[in-house]
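I have placed the structure first, in the form of structure tokens, so that the comments after it can refer back to it.
Naming: A, B, ... by sequence-line order, numbering from 1 per chain. If you're wondering where the values come from, they're calculated on a predicted model, not measured in any experiment.
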2 protein chains.
Amino acid sequence: MKAPASLRDDSHAPPSTLATDTALAPKRPRGRPRKTALELDDGNRRQDLITASAKLFRKQGFDATSTRDIAAAVGMHSGSPFYHFKSKDALLFAVMEAGMHTALARQAQALAALPASASSVDTMRSLIRAHYETLLGPGNDFVPVMLYEHRALSARQRTDLARLQTDYEAAWTPVLQRLHDSGQLGAPVKLARLLILGALNWSVQWFDRKKGASLDELTSACIALFLKDKA
Amino acid sequence: MKAPASLRDDSHAPPSTLATDTALAPKRPRGRPRKTALELDDGNRRQDLITASAKLFRKQGFDATSTRDIAAAVGMHSGSPFYHFKSKDALLFAVMEAGMHTALARQAQALAALPASASSVDTMRSLIRAHYETLLGPGNDFVPVMLYEHRALSARQRTDLARLQTDYEAAWTPVLQRLHDSGQLGAPVKLARLLILGALNWSVQWFDRKKGASLDELTSACIALFLKDKA
DNA sequence: CCTACCGATCGGTAGG
DNA sequence: CCTACCGATCGGTAGG
């Protein structure tokens with residue numbers, strides 16, 4: 001029953017690069033990966049598996065994607081993903097966790113880039129734009145998978161993710177509060193946050209990069225829809 | 001390969017009662033269903049299967065629900081659902097189609113109940129409230145299943161459903177247009193519709209009937225968030 | 001990471 | 001609608 005000792009870890013591997021979400025899967029060299037100076041060239045393969053899983057989970061759904069599909073996508077044989085991850089579930093969790101890390105990083109970066117003179121509306125616009133990038137940016141499959149495969153997680157995994165999600169949502173509250181105080185936000189802050197994030201998250205269902213509005217246009221429409229002019 | 005002749009139909013059975021979505025699954029009498037005056041007491045069993053499937057699909061997801069789960073839920077043996085539906089897919093489609101029919105009926109009823117003096121805001125409120133009822137009303141699992149299991153449908157099934165969905169969404173357009181013309185809706189009508197319906201649809205993910213806001217409070221928050229005061 | 005494999009489950013069907 | 005069953009697939013593992 002016990003898994004043999006190996007490189008694989010069940011969950012909390014630090015994402016080797018926060019921005020890998022955006023990158024497409026590397027061309028997957030078919031030959032034996034040449035060993036680096038270090039004794040193990042892991043990490044790359046783990047990332048490959050995570051990236052390929054994200055793409056497949058998003059396109060086909062978690063249940064409809066077999067671990068054989070994933071193995072094939074990175075040029076492994078059927079049993080090999082289990083050398084890196086102890087279960088299909090652990091792979092799903094790794095995708096979601098990496099997605100939340102990139103989302104949080106992108107959000108923090110967007111806020112840090114704001115000038116000191118930024119208004120509440122500017123801040124709001126920046127949060128919305130960053131969120132759209134996380135959801136709809138090219139190759140960004142991680143967070144969409146998280147949003148639509150939440151059900152497949154275990155209770156433990158859900159709890160672990162919840163902390164990151166709470167952090168992410170918390171960043172919206174002070175801005176919404178200020179907008180509410182100034183009369184530019186018409187609904188209670190908590191409900192407004194749920195409704196606004198819902199409107200954004202749902203865009204995954206209908207947004208088409210190849211036609212229709214751009215992410216900037218979407219962002220503008222949100223500002224126009226959700227916020228009132230300052231009295 | 002050909003299915004034996006039977007009562008089952010692949011898709012377009014008229015929902016025997018539009019309102020069955022709201023009803024909980026009948027207590028499923030364990031004994032042999034007594035034959036009615038008619039030669040066949042089908043219909044009831046079909047409805048039972050649809051209702052039980054909706055509940056299971058919503059709770060566990062389509063892929064994670066086996067046809068054996070469904071059979072057990074209505075007191076049948078494993079192969080029997082296939083007497084009524086030619087495939088698991090056909091059952092899913094039946095759930096979604098019935099859901100859209102009740103949604104359309106509820107929407108039409110809400111609009112019909114408005115007094116002639118109703119303002120655009122009143123109409124909007126009524127549409128939102130009816131939508132929340134469809135999504136979050138007790139026992140209303142059909143439309144949530146449709147929203148979250150869309151991927152499992154075949155192209156053909158998707159096309160068939162799309163017509164109903166287009167009708168449903170179309171009812172919002174004239175109201176949004178009027179609100180836009182009067183300056184009460186700040187975003188372009190088409191994007192506003194997508195964003196607003198997204199905000200509503202996402203509520204399935206977080207709404208808890210046992211705590212938090214009521215459907216009326218939710219509706220009020222939407223009006224406050226999405227609409228500006230008339231100039 | 002590959003090879004070879006297992007036990008379980010699943011959608012679906014024949015035949016009554 | 002039940003009985004009995006099939007072929008396929010799937011997650012996962014031992015052993016190297």
Side-chain angles (χ1 to χ4, degrees), chain A residues 1-10 28-36 39-49 52-53 56-57 60-93 152 154, chain B residues 1-10 28-36 39-49 52-53 56-57 60-93 152 154:
Chain A
M1 279 314 178
K2 210 61 196 6
S6 79
L7 297 181
R8 75 199 183 189
D9 77 338
D10 312 353
R28 64 150 149 147
R30 259 305 187 142
R32 307 262 145 227
R34 57 245 171 297
K35 299 265 179 191
T36 63
E39 70 276 21
L40 291 162
D41 59 347
D42 187 52
N44 298 314
R45 298 307 273 156
R46 285 190 84 259
Q47 275 301 325
D48 291 351
L49 282 167
S53 297
L56 289 167
F57 289 162
Q60 310 175 349
F62 175 73
D63 286 310
T65 300
S66 71
T67 55
R68 284 162 173 81
D69 291 340
I70 295 168
V74 298
M76 288 179 184
H77 282 60
S78 68
S80 302
F82 296 99
Y83 174 72
H84 298 279
F85 293 90
K86 89 153 190 261
S87 68
K88 191 187 174 189
D89 245 61
L91 242 174
L92 177 64
F93 182 79
S154 70
Chain B
M1 279 311 179
K2 211 61 197 4
S6 80
L7 295 181
R8 76 199 183 189
D9 76 337
D10 311 354
R28 63 154 149 147
R30 261 304 187 146
R32 309 262 143 225
R34 57 245 171 297
K35 301 262 178 193
T36 62
E39 70 275 22
L40 290 162
D41 58 347
D42 187 52
N44 299 315
R45 298 308 273 158
R46 286 191 83 261
Q47 275 301 326
D48 291 352
L49 282 168
S53 297
L56 289 167
F57 289 162
Q60 310 175 349
F62 175 73
D63 287 310
T65 300
S66 70
T67 54
R68 283 161 174 81
D69 291 340
I70 296 168
V74 298
M76 287 179 184
H77 282 61
S78 68
S80 301
F82 296 98
Y83 173 73
H84 298 278
F85 293 89
K86 91 154 190 257
S87 68
K88 191 187 174 191
D89 244 61
L91 243 175
L92 177 64
F93 182 78
S154 71

(request) Take atom CE of B/Met76 and atom P of D/dT3, then tell me their distance rounded to the nearest Å. (result) 14 Å
(request) Would you kindly give the OH-to-P distance between B/Tyr83 and C/dG16, to the nearest whole Å? (result) 17 Å
(message) The criterion is side chain to side chain contact (heavy atoms under 4.5 Å, CB included); which residues satisfy it with B/Asp89, sequence neighbours excluded?
(response) B/Phe62, B/Ser87, B/Gln157
Identify all side-chain donor-acceptor contacts of residues 64-75 of chain B below 3.5 Å with residues at least two apart in sequence or on another chain.
unit_1, atom_1, unit_2, atom_2, d
B/Thr65, OG1, B/Leu56, O, 3.3
B/Thr65, OG1, B/Gln60, OE1, 3.2
B/Thr65, OG1, B/Gly61, O, 2.7
B/Ser66, OG, B/Arg68, N, 3.3
B/Ser66, OG, B/Asp69, N, 3.0
B/Ser66, OG, B/Asp69, OD1, 3.3
B/Ser66, OG, B/Asp69, OD2, 3.4
B/Asp69, OD2, B/Ser66, N, 3.1

(request) From the options C/dC2, D/dC1, D/dA4, select the nucleotide whose nearest atom is closest to the side chain of B/Ser80. (result) D/dC1
(request) Whole angstrom is fine here: how far is it from CG in B/Leu49 over to C1' in C/dG12? (result) 15 Å
Dump the pairs, protein N or O against N or O of nucleotides 6-11 of chain C, anything under 3.5 Å, distances to one decimal.
unit_1, atom_1, unit_2, atom_2, d
C/dG11, OP1, B/Thr65, O, 3.4
C/dG11, OP1, B/Lys88, NZ, 2.8
C/dG11, OP2, B/Thr67, N, 2.8
C/dG11, OP2, B/Thr67, OG1, 3.1
C/dG11, N7, B/Arg68, NH1, 2.7
C/dG11, O6, B/Arg68, NH2, 3.0

(request) Dump the intermediate steps for side-chain contact (heavy atoms from CB on, under 4.5 Å) on A/Met76 and A/Leu49, then the final yes or no. (result) CA-CA 10 Å; A/Met76 288 179 184; A/Leu49 282 167; 3.9 Å; yes
(message) From C-beta outward on B/His77, which listed nucleotide comes closest to its side chain: D/dT3, D/dG12, D/dC1?
(response) D/dT3
(message) Expected output check: what is the dot-bracket annotation of DNA chain C, where ( ) and [ ] are pairs inside the strand (brackets for crossing ones), | is paired with another strand, and pairs are Watson-Crick or G-U under 3.5 Å?
(response) ||||||||||||||||
(request) Determine the minimum heavy-atom distance between A/Ser78 and A/Pro81, stating which atoms define it. (result) O-CD, 3.4 Å
(message) Could you measure the distance from the OG atom of B/Ser154 to the CZ atom of B/Phe93? Nearest 0.5 Å is fine.
(response) 8.0 Å
